[in-house]
Participant: 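Encoded as structure tokens, here's the structure I'll be asking about.
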Amino acid sequence: MHKLIPVLVAAVVGVAACSSSGDGDSSGPVELMVWHGQDDAAARSIEKLVESFNASHPGIRVKTDSGGTTADAMLPKVTAGFAAGTYPDIAYMYGSWGAALARSPKVPDLKKYLGPATNWDDFWPNTRQTATVNGKVIGFPAVVDDLTVLYNKKMLHDAGLKPPAPTWTWDDFRAMAKKLTDAKNKNYGTTWAVSGGEETTWTLWPLVWQRGGAILSKDGKKAAFNAPPGVEALTFLQQMATQDKSVYIDSSPAEKGQKLFESGRLGLFLSGPWVLPDVQTAKIDYGIAPLPGTNGDHQTVSGPDNWAVFDHGKRRVKAAVEFLTWLTKPEQQLVWMKDTGQLPTRQSITKLPGYQEFVKKYPGIDVVTENLANAKQIRPVNSKYPRVSSFVANAIAAVLLGRSDPKSALDDAARKSDALLAVPGQ
């Protein structure tokens, strides 16, 4: 589904403002539709919270729906809704889509609606940065996370391996993955998604950054990922996949790599807190380690996402802000965190009495929270980034599937990215 995104990003900003349905009937409660794109525990949690809000706020009636899609494909779903006039009031949107959304006339600037009750400065700085594009506030922080490594304690023990140390390197990661791989029994050291979406690229970026590389040039006008740090990073991954054969190549949009970890046949899983409820349900004895480092640099990627607000008239926008102000308060966020394993979006949440219960419920989650200190980079807040990411994702897939070499694949992705970045107004 990610492959739909590049085609539709430009359409986000091209929809005429005339498709807004306006304020509608102002005599009764304001009705809001939220597309959350969540499933399982996350869907149940948001629906539970909405039920609580509706019971205590008779002037606003919030309805929830998955939007008929997953969070991965929410952008094309919302874009199609723009064209048809069927878009929601609020939707869960990846932070990397922020720049494209900010340019749309269907996305209002919420800055004038944010009052003292919002306590905006309590959100972590990187979440505020993701929700604000060129001074325009497009929504509220929904989640904050960072990439870490989950490991299967039993598999490591059976292979005679000690748990990863905080100072481990990518060479340590490679050696461990190789030793954990048992092709005969279909056990793998690690996995990598090659379905063409953001999950393919964002796991590569820390390897590039730790080597001193970047995704784009400082002015955002040229690709930088095909410089030596990027080639070195992809070559490292290629060697693990083709020489060591320690990487399960996950080409399924359903993310079979996670299911492999949940089945006890994957030793090292590059992932984050969002998988913990499923991993616990699978009764996997897991541990969490920070990302391996390069020359002592353990820089990781952070992917804050947003509850984006869409314009159906001032009355509904104001009601959406009131709902999201309530939803993102520390008390409600702690409920969401306990249900889903997500990290605190607000600094004050860690001071709540129930926070230690959250840490106890999700062993190792404190490592993930502390790892936010290593999250020095986020993906570019650039309207063209999703398409650039798709070019790189296709390059990674081509290399891991043996169809190209790292330099050629990244150079091809860079040529396409440079052509895109050179076109104004897209």
Side-chain angles (χ1 to χ4, degrees), residues 23 29-36 45-46 48-64 88-95 97-99 101-102 104 106-145 302-340 342-355 358 369 372 378 381:
D23 286 319
V30 182
E31 294 191 356
L32 301 176
M33 173 57 72
V34 177
W35 287 357
H36 56 67
S45 183
I46 188 64
K48 175 177 66 178
L49 285 164
V50 166
E51 184 177 348
S52 176
F53 175 85
N54 285 337
S56 57
H57 294 73
I60 302 173
R61 183 71 180 174
V62 179
K63 297 180 181 179
T64 62
D89 295 277
I90 301 167
Y92 183 98
M93 306 293 285
Y94 285 164
W97 299 336
L101 291 172
S104 170
K106 309 311 302 173
V107 179
D109 187 352
L110 303 182
K111 195 184 317 180
K112 64 182 178 182
Y113 296 97
L114 304 181
T118 307
N119 198 10
W120 188 252
D121 290 342
D122 188 34
F123 288 109
W124 297 108
N126 63 334
T127 66
R128 300 198 308 267
Q129 179 184 353
T130 302
T132 308
V133 182
N134 297 325
K136 179 179 180 179
V137 177
I138 63 171
F140 281 57
V143 301
V144 61
D145 54 37
S302 178
D305 296 329
N306 297 318
W307 290 113
V309 175
F310 305 114
D311 193 354
H312 283 286
K314 291 182 180 180
R315 185 168 181 254
R316 286 167 66 174
V317 170
K318 185 177 179 181
V321 170
E322 182 177 345
F323 167 66
L324 291 175
T325 295
W326 179 90
L327 181 68
T328 59
K329 282 186 179 296
E331 294 76 13
Q332 279 71 253
Q333 283 298 289
L334 191 56
V335 172
W336 165 259
M337 289 160 55
K338 288 180 178 179
D339 288 345
T340 64
Q342 293 288 355
L343 303 185
T345 55
R346 291 180 178 272
Q347 301 171 60
S348 62
I349 296 173
T350 62
K351 304 296 191 296
L352 291 180
Y355 180 72
F358 163 71
T369 303
L372 285 170
I378 61 172
V381 182

Participant: For Thr118, what residues pass the side-chain contact (heavy atoms from CB on, under 4.5 Å) criterion, not counting sequence neighbours?
Facilitator: Leu114, Trp120, Phe140, Thr325

Participant: Quick check against the 3.5 Å criterion: does Thr350 have a side-chain atom that pairs as donor or acceptor with the backbone of Gln347?
Facilitator: yes

Participant: Just jot down the ring pair (Phe, Tyr, Trp, His ring centres under 6.0 Å) partners of Trp307, sequence neighbours excluded, or say none.
Facilitator: Tyr92

Participant: Once rounded to the nearest 0.5 Å, what's the spacing between atom CG of Leu49 and atom CD of Gln332?
Facilitator: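 One gets 6.5 Å once the value is rounded to the nearest 0.5 Å.
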
Participant: Can you give me the closest heavy-atom contact between Ser45 and Asp339, atom names plus distance?
Facilitator: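 In terms of heavy atoms, the two residues are closest at OG-OD2, 2.8 Å.
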
Participant: What residues, two or more places apart in sequence or in another chain, satisfy side chain to side chain donor-acceptor pair (under 3.5 Å) together with Lys338?
Facilitator: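 With sequence neighbours excluded, Lys338 shows a side chain to side chain donor-acceptor pair (under 3.5 Å) to Glu357, given in chain and number order.
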
Participant: How long is the gap from CD1 on Ile46 to OG1 on Thr64, to the nearest 0.5 Å?
Facilitator: 7.5 Å

Participant: Atom CD of Glu331 and atom CH2 of Trp326: how far apart are they, to the nearest 0.5 Å?
Facilitator: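 Answer for the CD-CH2 pair, Glu331 versus Trp326, is 10.0 Å.
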
Participant: Test of understanding: with side-chain contact (heavy atoms from CB on, under 4.5 Å), list the residues that count as partners of Asn306, not counting sequence neighbours.
Facilitator: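 Testing Asn306 for side-chain contact (heavy atoms from CB on, under 4.5 Å), a comparison that skips the adjacent residues, returns Thr130, Ala131, Ile138.
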
Participant: Are the side chains of Val309 and Val107 in touch, meaning some heavy atoms are under 4.5 Å apart?
Facilitator: no

Participant: Let me see the working for His36 and Val50 under side-chain contact (heavy atoms from CB on, under 4.5 Å), right down to the final yes or no.
Facilitator: CA-CA 11 Å; His36 56 67; Val50 166; over 6 Å; no

Participant: Using every non-hydrogen atom in the two residues, find where Leu101 and Ala308 come nearest and quote the distance to one decimal.
Facilitator: CD1-CB, 4.2 Å

Participant: Does any part of the side chain of Phe310, heavy atoms only, come nearer than 4.5 Å to the side chain of Ile90, both counted from C-beta?
Facilitator: no

Participant: When you measure from the side chain of Asp305 to the backbone of Gly95, do you find a donor-acceptor pair of N or O atoms at a distance under 3.5 Å?
Facilitator: yes

Participant: Just so I know, are the side chains of Val30 and Glu322 near enough to count as touching, which here means a heavy-atom distance under 4.5 Å?
Facilitator: no

Participant: Roughly how far apart are Thr369 OG1 and Ile349 CD1, rounded to 0.5 Å?
Facilitator: 10.5 Å

Participant: Should Pro344 and Met337 count as side-chain neighbours, where that means a heavy-atom distance under 4.5 Å?
Facilitator: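 A side-chain contact exists here, since the closest heavy-atom pair is under 4.5 Å.
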
Participant: Looking at every non-hydrogen atom in both residues, tell me the closest pair between Gln342 and Val144 and how far apart they are.
Facilitator: OE1-O, 4.2 Å

Participant: Can you tell me if Glu31 uses its side chain to pair, donor with acceptor, with the backbone of Ile60 under 3.5 Å?
Facilitator: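 It does not hold such a pair.
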
Participant: With sequence neighbours excluded, tell me which residues meet side chain to side chain donor-acceptor pair (under 3.5 Å) with Thr132.
Facilitator: none

Participant: Run the side-chain contact (heavy atoms from CB on, under 4.5 Å) check on Trp35 and Met93 step by step: do they pass?
Facilitator: CA-CA 9 Å; Trp35 287 357; Met93 306 293 285; over 6 Å; no

Participant: State which residues pass ring pair (Phe, Tyr, Trp, His ring centres under 6.0 Å) with Tyr355; sequence neighbours excluded, sorted by chain then number.
Facilitator: Phe358

Participant: Sequence neighbours excluded, which residues qualify as ring pair (Phe, Tyr, Trp, His ring centres under 6.0 Å) partners of Trp336?
Facilitator: none

Participant: Once salt bridge (charged side-chain N to carboxylate O under 4.0 Å, His left out) is applied, what residue pairs with a partner in residues 132-145 remain, sequence neighbours excluded?
Facilitator: none

Participant: List for me each residue that meets side chain to side chain donor-acceptor pair (under 3.5 Å) alongside Lys63, sequence neighbours excluded, and say none if there are none.
Facilitator: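 Counting only residues at least two positions away or on another chain, Lys63 forms no side chain to side chain donor-acceptor pair (under 3.5 Å).
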
Participant: Can you give me every donor-acceptor pair (side chain of residues 51-59, partner residue at least two apart or in another chain, under 3.5 Å) with its distance?
Facilitator:
{"from": "Asn54", "atom 1": "OD1", "to": "Val62", "atom 2": "N", "distance (Å)": "2.9"}
{"from": "Asn54", "atom 1": "ND2", "to": "Val62", "atom 2": "O", "distance (Å)": "2.9"}
{"from": "Ser56", "atom 1": "OG", "to": "Ser52", "atom 2": "O", "distance (Å)": "3.1"}
{"from": "Ser56", "atom 1": "OG", "to": "Phe53", "atom 2": "O", "distance (Å)": "3.2"}
{"from": "His57", "atom 1": "ND1", "to": "Phe53", "atom 2": "O", "distance (Å)": "3.1"}

Participant: Got a second to check how far Arg316's CZ is from Asp311's CG, nearest 0.5 Å?
Facilitator: 9.5 Å

Participant: Applying side-chain contact (heavy atoms from CB on, under 4.5 Å), name anything that partners Lys112, two or more places apart in sequence or on another chain.
Facilitator: none

Participant: Which residue pairs satisfy the salt bridge (charged side-chain N to carboxylate O under 4.0 Å, His left out) criterion with at least one member in residues 115-132, sequence neighbours excluded?
Facilitator: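 Listed by first then second residue: Asp122-Arg346.
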
